[in-house]
> 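Got a structure for you, written out below as structure tokens; questions coming shortly.
A note on names: the letters A, B, ... follow the listed sequences, proteins ahead of strands, and every chain is numbered from 1. Everything numeric here is computed off the predicted structure, so don't read it as measured data. The analysis underlying the following values was restricted to heavy atoms, covering all of them including side chains, and did not include hydrogens, waters or symmetry mates.
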Protein chains: 2
Amino acid sequence: MAYTLSSGSARRPRLNRDAVLAAAVGIADRTGIDGLTMRTLADELGVVPMAIYKHVSGKDELIDGMVDIVWAEVELPDATAGWRSAMRARAVSMRGALSRHRWAVGLMESRMQPGPANLRQHNAMMGCLRESGFSFRNTVHVTSVLDAYVYGFALQEKTLPFDTAEESGQVAEQKRSTQPETAAQDYPYLMEVVVELMRSGYDYTVEFELGLDLILDGIERLRPEWADEAGR
Amino acid sequence: MAYTLSSGSARRPRLNRDAVLAAAVGIADRTGIDGLTMRTLADELGVVPMAIYKHVSGKDELIDGMVDIVWAEVELPDATAGWRSAMRARAVSMRGALSRHRWAVGLMESRMQPGPANLRQHNAMMGCLRESGFSFRNTVHVTSVLDAYVYGFALQEKTLPFDTAEESGQVAEQKRSTQPETAAQDYPYLMEVVVELMRSGYDYTVEFELGLDLILDGIERLRPEWADEAGR
DNA sequence: ACCTGAACACCGTTCAAGT
DNA sequence: ACCTGAACACCGTTCAAGT
């Protein structure tokens, strides 16, 4: 019976939701979120645009699904390791996911229907902090400052016009030589720092972890104080 | 001679670049960046879409100009006040500008042609830190961590589905009652924190300044250490 | 049950014309 | 010098049809 029903179009495996989402993530990774249209996605899948609407209600739901794929790539905090190293590992993992999927920066928290991986992640984060003795209020504070830093760093990383330390030098040099000669007079401090950056390079990972440790130190140092109000 | 040249259309003042940019910022503030199209902008100005292209080369240059208007609203750091209060005031001012112009979050650093207000701002920031004795390298570190925090906080503020402490409660309540009953079992820690947030409210300004002071403390405490390498 | 084709109401931008 | 109108190559999405 099975073979009597299979038609000549058995070439391409039947479309399903996961295949649609995976293809969409691939396109967005390669060409940016603007390069992802229902039409380019359909082309990639070897299908007509309207075929996608059988698996996803529209572009919004498509993006909801893509964002939850990124959330699923973020390591869950392991509370048994202690809150500090759990929070550190989670932040590092999240920055990694966001630099692999730059289109996702700015979308991670903005979806009205948070997906299961998103909920699981936040639940684990709250759980780790609460079990480590943070009050409700301080759990919110810690989440807020760490997430802001991770999102903001990822945003800068997405947004700055170089990817590697070597490229940072090239871009700085190019900018220096492109600017009108007046720039060095009008913005002397800026030029000085740009020239120095060019000389010594810029490593995103080193920079990220330096700031992260500074913030974790701040949380740790303030903790006894915050613990005073632990009942609340 | 002047009046012989003035035609019947003297009703609307002649279009110019500043008027175009100001109108565009207004539309983006009210309706979001998606609500700003060359066509809605033309309507607002009482003009046909193509008229705009005489004052701006296209949508990219339009947005470049809009972003620099936001930069111009950010208070320049006042080095005479000491680096810490200068950095604090600048960060608070920048968050203010970004919450008045939420469409600008994510665009502040992404323009290939930084405008004059942007360059002035960064020059003043570098100047304040360098004059306060920070090494080149540490000037970069401080800028990186502070900007990441401000951008990331603004991103969360733009992105979270409530604006005020009261609304945060309403949203939390609605989310709680909308979720399938299993949510409380699947995500107990998350639900607990959400319920607590609902009870006590959430104030963006308080939250922002708490994290900001934590980071400034971290910078201050690490400073002597960093100063050791001040020559470099 | 799943896919298709044509159409609609939008975009940003070009080009040739108007005054 | 500045503005206009029509057109082009794109969007996301609806609807009626095909198999």
> Within the 4.5 Å heavy-atom criterion, are A/Phe153 and B/Ser144 side-chain neighbours or not?
yes
> Tabulated below should be each protein N or O lying under 3.5 Å from an N or O of nucleotides 9-15 of chain D; please produce it.
| residue | atom | partner | partner atom | Å |
| --- | --- | --- | --- | --- |
| D/dG12 | OP1 | A/Met38 | N | 3.3 |
| D/dG12 | OP1 | A/Lys59 | NZ | 2.8 |
| D/dG12 | OP2 | A/Met38 | N | 3.0 |
| D/dG12 | N7 | A/Arg39 | NH1 | 2.4 |
| D/dG12 | O6 | A/Arg39 | NH2 | 3.3 |
| D/dT13 | OP2 | A/Tyr53 | OH | 3.0 |
| D/dT13 | OP2 | A/Lys59 | N | 2.9 |

> Measure from NZ or CZ of A/Arg95 to the centre of the six-membered ring of A/Phe208 and say whether it is under 6.0 Å with the direction within 45° of the ring axis.
yes
> Run the ring-ring contact (aromatic ring centres under 6.0 Å, His included) test on B/Tyr202 and B/Tyr204 for me, step by step, so that the C-alpha distance in whole Å, both residues' side-chain angles and the decisive distance to 0.1 Å come before the verdict.
CA-CA 6 Å; B/Tyr202 185 86; B/Tyr204 281 110; 5.2 Å; yes
> Output the rounded distance in Å from CG (A/Leu15) to C1' (C/dT4).
14 Å
> Any salt bridge linking A/Arg39 with A/Glu44? Criterion: basic side-chain nitrogen under 4.0 Å from a carboxylate oxygen.
no
> In terms of side-chain geometry, is the basic nitrogen of B/Arg88 or B/Glu209 positioned less than 4.0 Å from the acidic oxygen of its partner?
yes
> When you compare the side chain of A/Val67 with that of A/Asn118, does any pair of heavy atoms fall below 4.5 Å?
no
> Using Watson-Crick and G-U wobble pairs whose two distances are both under 3.5 Å, how do you write the pairing of DNA chain D as dot-bracket, with | for links to another strand?
||.|||||...|||||.||
> Between B/Arg100 (side chain) and B/Val70 (backbone), is there a donor-acceptor pair under 3.5 Å?
no
> Tell me whether the side-chain N/O atoms of B/His55 come closer than 4.0 Å to OP1 or OP2 in D/dC3.
yes
> Contact between A/Val56 and A/Arg17 at the side-chain level, heavy atoms closer than 4.5 Å - yes or no?
yes
> CD1 of A/Ile52 versus C1' of C/dT4: gap in Å, rounded?
13 Å
> May I ask you to say whether A/Asp68 pairs ionically with A/Arg120, meaning some side-chain N is under 4.0 Å from a carboxylate O?
no
> With a 4.0 Å cut-off, would you call A/Asp64 and A/Lys59 a salt bridge?
no
> Which atom pairs link the protein and nucleotides 16-19 of chain C when you take only N or O atoms and keep those under 3.5 Å?
none

